[in-house]
Amino acid sequence: MFQGILITRDDAGYQARLQAIAETGLPDGDVTVRVDWSTLNYKDGLAITGKSPVVRRFPMVPGIDFAGVVTESRHPAWQAGDRVVLNGWGVGETHWGGLAQWARVRGDWLVRLPEVFGARQAMAIGTAGYTAMLCVLALEKHGLRPDDGEMLVTGASGGVGSVAIALLAKLGYRVVASTGRPAEADYLKALGASDVIDRNELAAPGKPLGKERWAGVVDAVGSHTLANACATTRYRGAVAACGLAQGMDFPASVAPFILRGVTLYGIDSVMAPLAVREEAWRRLGRDLDPTRLDAITREIGLGEAIAAAADLLNGKVRGRVVVDVNR
Ligand code: NDP
């Protein structure tokens, strides 16, 4: 038996509970992993609370990511003792996930943990931080460089936002953080933001085009915020859209794209090919100052993850939450 969070949906309703789970219940897969650390991402918040239909099979162990050690493998790439990290692939949605002491998955889904990170640090980064890196990579591949101008990061105090700020600042960009929590201005500046703006400046319906300001944008928020970010991006600038914290809608016009040559990149972490993941984790190892991780991370035990999930969705969590699955 092992400890894990199990989500059930039956006559008693939709419930997430910490409980003992039989090892025989682990799903099919060619690699078994002893999970050391997991984390809470926005999607885990949706899964645990049932606020959105993230979970598509029941019962389900939530947790879209984990870091741990391989204990058994029938996959040629992996051997017992290998340190691994997993993000996405429907884990925690259609396949049992990381908020438990054990996981069994397909070896093709695993990435080798970079030497520079321990398992706890990998989960302090988590899917939110890996997605922030995917956004930064998209903006770099677009050709943006620090002397092109300011970078806007929305949802700044959240997981994606916090890591994006730390990464962009380390790479030499001038970063403007958009937040609904002005009290977190010192936190955001300590991460590397040069300036902090109130998210209300971007959250309401805006004009098709505004004054050009951003060379690039990392947007974790969607909706009017994404539309306004596009409308205020400079000529031939780029916007990386990865999130929907404000909403899934995109009430925009084509003006920024056809009149200013702005490019909108869609960022998906879940099904990203292995080579892209490996590049993202390698770059995280190079470009993310591990000491920054301590500042953005709060640690909880598995039993606290259910309450923390609701806090996350209510915008009460700053930065990242790592989950010690052994307490
Ligand atoms: P968090 O909850 O940690 O952060 C989200 C932040 O968004 C909040 O901290 C808050 O920042 C801001 N926010 C919350 N509600 C609103 C609102 N109504 N209007 C405007 N801003 C709001 O989540 P994550 O950082 O983990 O994830 C961010 C988004 O990215 C989520 O939508 C998530 O689903 C998505 N995501 C997508 C991935 C992909 O593969 N595309 C992978 C990972 C995440 P502040 O208080 O500073 O304003």
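Whatever order the structure lists them in is the order used to number ligands and atoms, beginning at 1.
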Novice: For residues Thr127 and Asp65, is any side-chain donor paired with an opposing acceptor at under 3.5 Å?
Specialist: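 Yes, side-chain donor-acceptor contact under 3.5 Å.
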Novice: Looking only at protein heavy atoms, identify the closest one to atom 4 (O) of ligand 1 and say how far it is in Å.
Specialist: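 Ranked first by proximity to atom 4 (O) of ligand 1 is Gly158 CA, 3.2 Å.
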Novice: Starting from atom 30 (O) of ligand 1, find the nearest protein heavy-atom neighbour and note its residue, name and distance.
Specialist: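 Its nearest protein heavy-atom neighbour is Gly243 CA, 3.4 Å.
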Novice: Nearest to atom 2 (O) of ligand 1, what protein heavy atom do you find, and at what distance?
Specialist: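 Closest protein heavy atom to atom 2 (O) of ligand 1: Tyr42 CD1, 3.3 Å.
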Novice: Show the atoms of ligand 1 that are less than 4.0 angstrom away from any heavy atom in Ala156.
Specialist: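 Answer, ordered by atom number: 47 (O).
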Novice: Please identify which atoms of ligand 1 are closer than 4.0 Å to at least one heavy atom of Leu244.
Specialist: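 In order of number, 32 (O).
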Novice: Going by ring pair (Phe, Tyr, Trp, His ring centres under 6.0 Å), His95 matches just one of Trp89, Trp109, Phe66. Which one?
Specialist: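 Only one of Trp89, Trp109, Phe66 forms a ring pair (Phe, Tyr, Trp, His ring centres under 6.0 Å) with His95, namely Trp109.
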Novice: Can you sort out which atoms of ligand 1 are near Val221, meaning under 4.0 Å from one of its heavy atoms?
Specialist: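 Near Val221, meaning under 4.0 Å from one of its heavy atoms, ligand 1 has 20 (C), 21 (N).
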Novice: Please could you name the atoms of ligand 1 that Ala220 approaches to less than 4.0 Å, counting only its heavy atoms?
Specialist: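 By the 4.0 Å cutoff, the relevant atoms are 28 (C), 29 (C), 32 (O).
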Novice: What atoms of ligand 1 come closer than 4.0 angstrom to any heavy atom of Ala128?
Specialist: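 Contacts of ligand 1 toward Ala128, numbered from 1: 26 (O).
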Novice: Distance-only criterion, 3.5 Å: show the donor-acceptor pairs between side-chain atoms of residues 239-252 and protein atoms not counting sequence neighbours.
Specialist:
residue	atom	partner	partner atom	Å
Gln246	OE1	Thr225	N	3.2
Gln246	OE1	Thr225	OG1	2.5
Gln246	NE2	Ala203	O	2.9
Asp249	OD1	Ser223	OG	2.8
Asp249	OD2	Ser223	OG	3.3

Novice: What protein heavy atom is closest to atom 9 (O) of ligand 1, reported as residue, atom name and distance in Å?
Specialist: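 Sorting protein heavy atoms by distance from atom 9 (O) of ligand 1 puts Arg181 NH2, 2.9 Å first.
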Novice: Can you name the atoms of ligand 1, numbered from 1 with element, that are less than 4.0 Å from a heavy atom of Gly155?
Specialist: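 Once the distances to Gly155 are compared, the set is 6 (C), 7 (O), 11 (O), 12 (C), 47 (O).
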Novice: Which pairs would a plain distance check flag for residues 302-316, meaning a side-chain donor or acceptor within less than 3.5 Å of a matching protein atom at least two apart in sequence or in another chain?
Specialist:
residue	atom	partner	partner atom	Å
Glu304	OE1	Gly301	N	2.6
Glu304	OE1	Arg327	NH1	3.2
Asn314	ND2	Ala310	O	3.1

Novice: Assigning hydrophobic clusters by single linkage (Ile, Leu, Val, Met, Phe, Trp, Tyr; side-chain heavy-atom cutoff under 4.5 Å), is Val31 placed with Val85?
Specialist: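 Each belongs to a different hydrophobic cluster.
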Novice: For atom 21 (N) of ligand 1, what is the nearest protein heavy atom, given as residue, atom name and distance?
Specialist: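 So the nearest neighbour among protein heavy atoms is Arg199 NH1, 3.4 Å.
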Novice: Identify the protein heavy atom lying closest to atom 15 (N) of ligand 1, giving its residue, its atom name and the separation to 0.1 Å.
Specialist: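 That would be Ala245 O, 3.6 Å.
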Novice: Return the option from Thr179, Leu202, Asn41, Leu134 holding the heavy atom at the smallest distance from atom 45 (P) of ligand 1.
Specialist: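 The option holding the nearest heavy atom is Thr179.
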Novice: Considering only non-hydrogen protein atoms, determine which one is nearest to atom 37 (C) of ligand 1 and report residue, atom name and distance to 0.1 Å.
Specialist: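 Closest protein heavy atom to atom 37 (C) of ligand 1: Cys242 O, 2.9 Å.
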